[in-house]
> 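After the structure tokens below, expect a handful of questions from me.
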Amino acid sequence: MPKNDTFLRACRREAVPYTPVWMMRQAGRYMAEYRKLRETRTLLELCKTPELALEVTLQPLRLGFDAAILFADILLPLEPMGASFEFAKGEGPVIHEPISRVEQIDALRVIDPQEGLGYVMQAIRLLKGELSVPLIGFAGAPFTLASYLVEGGKSAHFVKTKRLMYEQPAAWSVLMGKLAEVVRRYLHAQIDAGADAVQLFDSWVGQLSPADYEEHVLPHVAHILSDVETRGVPVIHFGTGTATLLELQRRAGGTVIGLDWRTPLADGWRRVGHDRGVQGNLDPTVLFAGADLARRHAKRVLDAAEGRAGHVFNLGHGILPETPVDTVKAVVDFVHETSERRPRGPSVG
Ligand code: CP3
């Protein structure tokens, strides 16, 4: 058990001395020490070298976060499955042969995560010896991974992805089923290696209507989460643009459901249900408008959570590359100070 288990307790909706805080993408380009390492190494080298992944994972912890997130990327499993890719400068991920034919889907391998992703589990094992806060493992969710595989990279309208889903529902189901099975195994392997919690990133699922989510995505997410939840570690189910999907996401599973900034936290939590935790929901761009404004917005999030058990403070989506580090630190400190709970009960003396 890590020394500071406030994050894990909050995920389980237990009483906590203060609201724990971490930020999605907390390791990355907004930090000078990360940019320094990146001068001589590619992103994939950092991910695939456990000693470097360890170093980068630890970098943001000096800002006072209550959890560490393993340094890796959601796309890593695609390579051993048979879909190679690279991170092109200024463009983001580029899949070398985007999927457009059924034969390509049939050729994708449902891998054992030790085969081809062993470096991730090795980084987790190294980290476990170094951390005093819990370690979050993660994977991409099938829809978000499928969107990269089919579009070949980032996308505005997800036309190719949705065409496959609408026109070839059987092929779509095979693709989603393969991705879901790999992700299920991968999350188990991360927990076996020592991850204290795991997060499923369905970053782009908000592109779907509730009906399409329910029919074409939910069963595959449920395949992963219903199984991984039996491990007893908190499972965070995250997406953006999900205002109309929250009830369905809850049904698909998760100890904690992510809320972006478009949904007011109190409304979102009501929809998720107070018997689940929530994570979020500060707009990442408020961190660009100075510490005072960022603190005011952070206060709004805390007020909306009403000190209820089960809130993990986070951004509504990943931290952006140019974010000022001082403002991040100011928000972390503010959340800790403002949310501190006085011990209840009769005062002694
Ligand atoms: O949170 C963390 O600190 C852990 C590390 C992490 C990375 N990627 C490293 C990374 C995590 C959790 C991810 C998840 C990820 N990767 C997601 C889901 C989260 C989200 O924000 O929605 C997605 C969609 C990806 C795919 C991906 N990786 C994209 C679209 C890009 C390019 C983005 C850009 O701004 O260029 C990446 C690259 C990537 N992965 C970086 C980092 C730190 C960029 C930094 C670099 O180039 O050094």
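Whatever order the structure lists them in is the order used to number ligands and atoms, beginning at 1. Because the structure is a prediction, the values reported are computed rather than measured.
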> Relative to atom 29 (C) of ligand 1, which among Pro93, Gly90, Gly92 owns the nearest non-hydrogen atom?
Pro93

> Side chains of Asp66 and Asn4: any donor to acceptor distance under 3.5 Å?
yes

> Taking 4.0 angstrom as the limit and counting only heavy atoms of Phe201, give me the atoms of ligand 1 inside it, by number and element.
12 (C), 18 (C), 19 (C)

> With distance as the sole criterion, is a donor-acceptor pair present between the side chains of Arg29 and Thr323 under 3.5 Å?
no

> Which protein heavy atom lies closest to atom 3 (O) of ligand 1, and at what distance to 0.1 Å?
Ala27 N, 3.0 Å

> For residues Phe138 and Leu200, determine if any side-chain heavy atom of one lies less than 4.5 Å from a side-chain heavy atom of the other.
no

> Taking atom 41 (C) of ligand 1 as the point of reference, which of Leu320, Thr240, Leu43, Leu145 owns the nearest heavy atom?
Leu43

> Which atoms from ligand 1 have a heavy atom of Ser203 less than 4.0 Å away?
18 (C), 19 (C), 20 (C), 22 (O)

> Do we see a donor-acceptor contact under 3.5 Å between the side chains of His317 and Thr240?
no

> Fit a plane to each ring of His216 and Trp172, take the angle between them on a 0 to 90° scale, and name the class: parallel (under 30°), tilted (30 to 60°) or perpendicular (over 60°).
perpendicular

> Does a side-chain heavy-atom distance below 4.5 Å link Val331 with Leu287?
yes

> Using the ring of each side chain (for Trp, its six-membered ring), is His274 parallel, tilted or perpendicular to Trp269, with breaks at 30° and 60°?
perpendicular

> What protein heavy atom lies closest to atom 20 (C) of ligand 1? Include the residue and the distance to one decimal.
His317 NE2, 3.1 Å

> Are there over 12 heavy-atom neighbours, none belonging to His157, within less than 6.0 Å of that residue's NE2?
no

> Give me the one residue out of Ile257, Val228, Ile224 that meets side-chain contact (heavy atoms from CB on, under 4.5 Å) with Val235.
Val228

> Within the structure, is a non-hydrogen atom of Leu46 found at a distance of less than 4.0 Å from ligand 1?
no

> If we only consider heavy atoms of Arg25, is any one of them less than 4.0 Å away from an atom in ligand 1?
yes

> Starting from atom 7 (C) of ligand 1, what is the nearest protein heavy atom, named by residue and atom, and what distance separates them?
Ala72 O, 3.0 Å

> Find out whether Glu340 and Pro17 are in side-chain contact, i.e. whether some heavy atom of one side chain is under 4.5 Å from a heavy atom of the other.
no

> Give the atom numbers and elements of ligand 1 that come within less than 4.0 Å of a heavy atom of Leu70.
4 (C)

> Starting from atom 23 (C) of ligand 1, what is the nearest protein heavy atom, named by residue and atom, and what distance separates them?
Ile74 CD1, 3.4 Å

> Identify the protein heavy atom lying closest to atom 33 (C) of ligand 1, giving its residue, its atom name and the separation to 0.1 Å.
Arg29 NH2, 4.1 Å

> Under a heavy-atom criterion of less than 4.0 Å, does Pro321 contact ligand 1?
no

> Check Lys154 against ligand 1 and report side chain, backbone, both or neither, counting heavy atoms closer than 4.0 Å.
neither

> Nearest protein heavy atom to atom 47 (O) of ligand 1, by residue and atom, and its distance?
Arg38 NH2, 3.0 Å

> Is it true that Gln26 and Gln59 share a donor-acceptor pair across their side chains at a distance under 3.5 Å?
no

> Check whether any side-chain heavy atom of Arg62 lies under 4.5 Å from a side-chain heavy atom of Met31, and answer yes or no.
yes

> Counting only heavy atoms, which portion of Thr57 has something under 4.0 Å from ligand 1: side chain, backbone, both, or neither?
neither

> Any idea which protein heavy atom is nearest atom 11 (C) of ligand 1, and the distance to it?
Phe138 CZ, 3.6 Å

> What's the shortest distance from atom 10 (C) of ligand 1 to any protein heavy atom, and which residue and atom give it?
Asp73 OD1, 3.6 Å

> Taking 4.0 angstrom as the limit and counting only heavy atoms of Tyr34, give me the atoms of ligand 1 inside it, by number and element.
43 (C), 45 (C), 46 (C), 48 (O)

